[in-house]
Structure formats: C-alpha cells, structure tokens
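Some notes on the structure that comes next.
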Amino acid sequence: MRIEKSYWFTLSKFVYVSFNSKAPMLLYNTQNGESIVVTKSTCMDIVNKVYEPMNLGVVEIEPANIEKDVLDFIEEAIDLEIGKRLGKSISSTKPINLLPILNLQNDVEKLISNGETHLIGDHISNYLTSLSFYITNDCNEKCKNCSGIFRQTTFCTKAINGNHLSLDRIKSVLDQSAATQLKKINVMGGDISLYPKWNELLDLLKQYSMDCHFWFHFLHLHNLDLEGIPGHKEILVSYPFDKGLLEEALSKFENRQDFTFHFLIESNQVFEAVNDLLCQYDQLNYNLVPYYNGENIDFINQNVFLDETDILSEKIEMRKIFCNQKLNSNFFGSLYVFPDGAVKSSSNTPKIGRFPDNSLLELIYNELIRNTVWRKVRSGEKCDACMYRFLCPPPGNLEFVLEKQDLCHVVIKSEEELQVFSK
C-alpha cells in the first residue's frame, strides 16, 4: 500500500553508495548484503539530496509531487532495509541522520596535494606489519617456472639477485622494527635450509616475539629437524609432484596446526589430482592457489575472474569498502628484503631503497610517497567506470603479471548506454 502523506526519508547507516558520474549508482547494504542498482537520474537525485550537507542525511518526501518511478525506488529501498521512512506524526521536527563518509585526517594523497609531505612521517612507524626476508637463492631443485611463481604468490625461488642475506643485516632490520607495529616475519628464499648460518638464524629469531613463518618446498623437507624450527611452517607444492613423497609429508604433518600446505593449481587436471589426494587427509591445513603459467589463461579466466554474482556473494563490511578506496590490503604494511639488500613492497614493483643505506622508517616513507603498491587501488578506464569498483578485492600480483587493471567479467556500459540513465 502506497503512503500518501509526506514523510522523512533517509538511508541506513550501513549503506554504501557508489557515487560515480561514469556509472549507474549502487546502493549496497553492508549488513544484509542487499543492493539496488539505480539507473534513473531522478532516483539518483533523491540519494544525492540525502547526502547534501544542508539536509543532514534526511529529505522530505511528498508523494503527490513525485513521479511513480521514484516512489517505487523508495519503497524498494525501504523493503531491502537500504532506506528508512519516518512518519511526520512521530517526528514533526526534521530529524538528523549522520551517514558514513570516508574522511581521513592523515590521508597521504591529501597531504601530498597540499604540499604537507613533512606530516606523513608522524605515524609511519605504525604502518609496518609484515617483513619478508629472502635469505638465499641457493636451491638444488629444477622446478619449472621457478622465476615466475614467486611473482604471483608467496613461493620459493632462486631467481633473485644476491646470494645470502647476512645475519647481521637481518638482525639490524629486526632491531629497527622494534619501533614499529611489526607482527609477522616470513623467511623465504630458494631452499632456505641451505642458508649458511641456518642454526644461528633460528636462534636469532627465537629472541623476537613476532609471528615467524618459514616457507619450504615440500622437496626440501628431507633431513630437516622441523621440530627445532620455531613458528609456522608453510609447505609449498607445485605440479608435477612425486605422489609417494608428497603422501609421506601429508601423513606426517596432517594433524599439525603449525603446518600449512599450499598447492599451486594451474589446470582442472591438477585440481582433480590434488583433490583426490586431499580426500585422504581430513585434518590437514591447506590452501589451493590458482597459478597462471603463461599458457592457461582460459583456466584463470574461468576460475579467478569475477562477475557480479561473485562480487556480491558474501557480505562486504563498510570498513573494507572504505579501505579499498584508499589502500591496497594485499600489500599495505609489507616490505620484502632481498639478499643483495634491495627492499621492495612487492615482488613485482621497483625497489624503494636498500638496507642499511636506508633505515626502516625511510623505506616506509619512500613507499608512502612513491606508492609503488601500498596505495594502488582499483583504477583505470574500466574500473573507474564500474559501480563495483571498491567492492572488488584490491589488485594483486596477478594483475601485474597479466598486465590487466581488472580480473572480472563485469560488463561496463558504453558512453551511449550511460547517457540513457544520466538524462
């Protein structure tokens, strides 16, 4: 039944609105996952008026003076708990509704544009949360695609510059990190057990309270005293693999919470082989990691690329959407230290400095200013014209490798189609 009397209309504080002149308007309820795609300019006008500062989040609706399409939109919004109606009999005085708006006092982009880069350094010690050390490029295996896998996901490789990262340099980095919020350490390389001061490294890491993760290929597990290694053991598995050796490793560590197996999946055939294997181990911690090998773009297209249904399949918190507008959660807070001392913010970006020539805080500052990846958000011709832009996961290493701004099947309307609803 349509309401005939005038009333107050507002949006729920849980609703994200994708204001974008290049695309339809999306209203997304972060609490229940419901959404409305708004294509009519008259309906968009109502939402825009709600957000006008002078209206304080609330507008008056007089049904007799508003066209049917707009009233239908309002009713749909109310039914989906995206909008709210407040009768004037309850509140004759116009109410106030403070809607969520992203406003960061220490927004790096704002500081740079205002010429206030000197203020960026005030809190940068809080930004570092993860350090990854590539301690050696030594490895006796000859895995295919050794030089490419680590550019897509956390994986061992011997295709890095330098030979060994000195123990003194590792200690110096960790000592400087005491002034930061560092929580996690990754120890990586080729075969890290070949590090010449392996036992000394383990003794050193035991002195720090950070969460340590050691990354081994499963072929490197032989003759290792795994019980003497602190922290979590990340076991990497690439195809083809020796089924017998792998089953031995899986059986040995199936019930261990400090072990996680990471399987590279590059085809449906590999997925089936791994799945058949995993069916035997109910208590195993594992991840399946899609991998682009240069020849399997159809597999990646079918299993990694998203469509609208995938994007909206799970509820997305407002905090995450706001985060996606300003920083890249795949990389933000992480630094990678290579054997030659070069420091990067990802395996695919230029170095931001060299340790110890640059201190840890200088390296963090360099990344914030240069923005090689920490603040890389969804952008480019296609993403800029998409209403799902900040509901999507932020760009990751696969975008770098494929040299694509997006990994999706979302159809972006042409300028001619956009003109239909912008009138």
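What you see is a predicted model; the values in this text were computed from it and never measured.
- For Glu60, the CD atom is densely surrounded, since the number of other residues' heavy atoms within 6.0 Å is greater than 12.
- Salt bridge Glu399/Lys376: absent, no basic N to carboxylate O contact under 4.0 Å.
- A salt bridge is absent between Asp138 and Lys158; no separation between the charged side-chain nitrogens and carboxylate oxygens falls under 4.0 Å.
- Within a 6.0 Å radius of NZ in Lys49, no more than 12 heavy atoms belonging to other residues, nucleotides or ligands are found.
- The aromatic rings of Phe253 and Phe261 sit tilted, their planes meeting at an angle between 30° and 60°.
- Taking the charged nitrogens against the carboxylate oxygens, Arg85 and Glu75 do have a contact shorter than 4.0 Å, which makes a salt bridge.
- Tyr286 OH: 12 or fewer foreign heavy atoms inside a 6.0 Å radius.
- The backbone N or O of Leu368 lies less than 3.5 Å from a partner atom in the side chain of Arg375, making a donor-acceptor pair.
- Asp175 and Lys171 are joined by a salt bridge, as a carboxylate oxygen and a charged side-chain nitrogen come within less than 4.0 angstrom of each other.
- Atom CZ of Phe271 is surrounded by 12 or fewer heavy atoms from other residues, nucleotides or ligands within 6.0 Å.
- In the displayed structure, Glu314 atom CD is contacted under 6.0 Å by at most 12 heavy atoms of other residues, nucleotides or ligands.
- Taking the ring centroids of Trp374 and Phe332, they lie under the 6.0 Å cut-off.
- Around CD of Glu317, the count of heavy atoms belonging to other residues, nucleotides or ligands within 6.0 Å does not exceed 12.
- Here the CD1-CG distance, from Ile124 to Leu360, works out to 9.0 Å after rounding to the nearest 0.5 Å.
- Remark: aromatic rings of Tyr16 and Tyr28 are distant, center separation not under 6.0 Å.
- Closest of all the heavy-atom pairs between Phe73 and Cys43 is CB-SG, 3.6 Å.
- Using the six-membered ring where Trp is involved, Phe241 and Tyr239 have ring planes that are perpendicular, over 60° apart on the 30 and 60° scheme.
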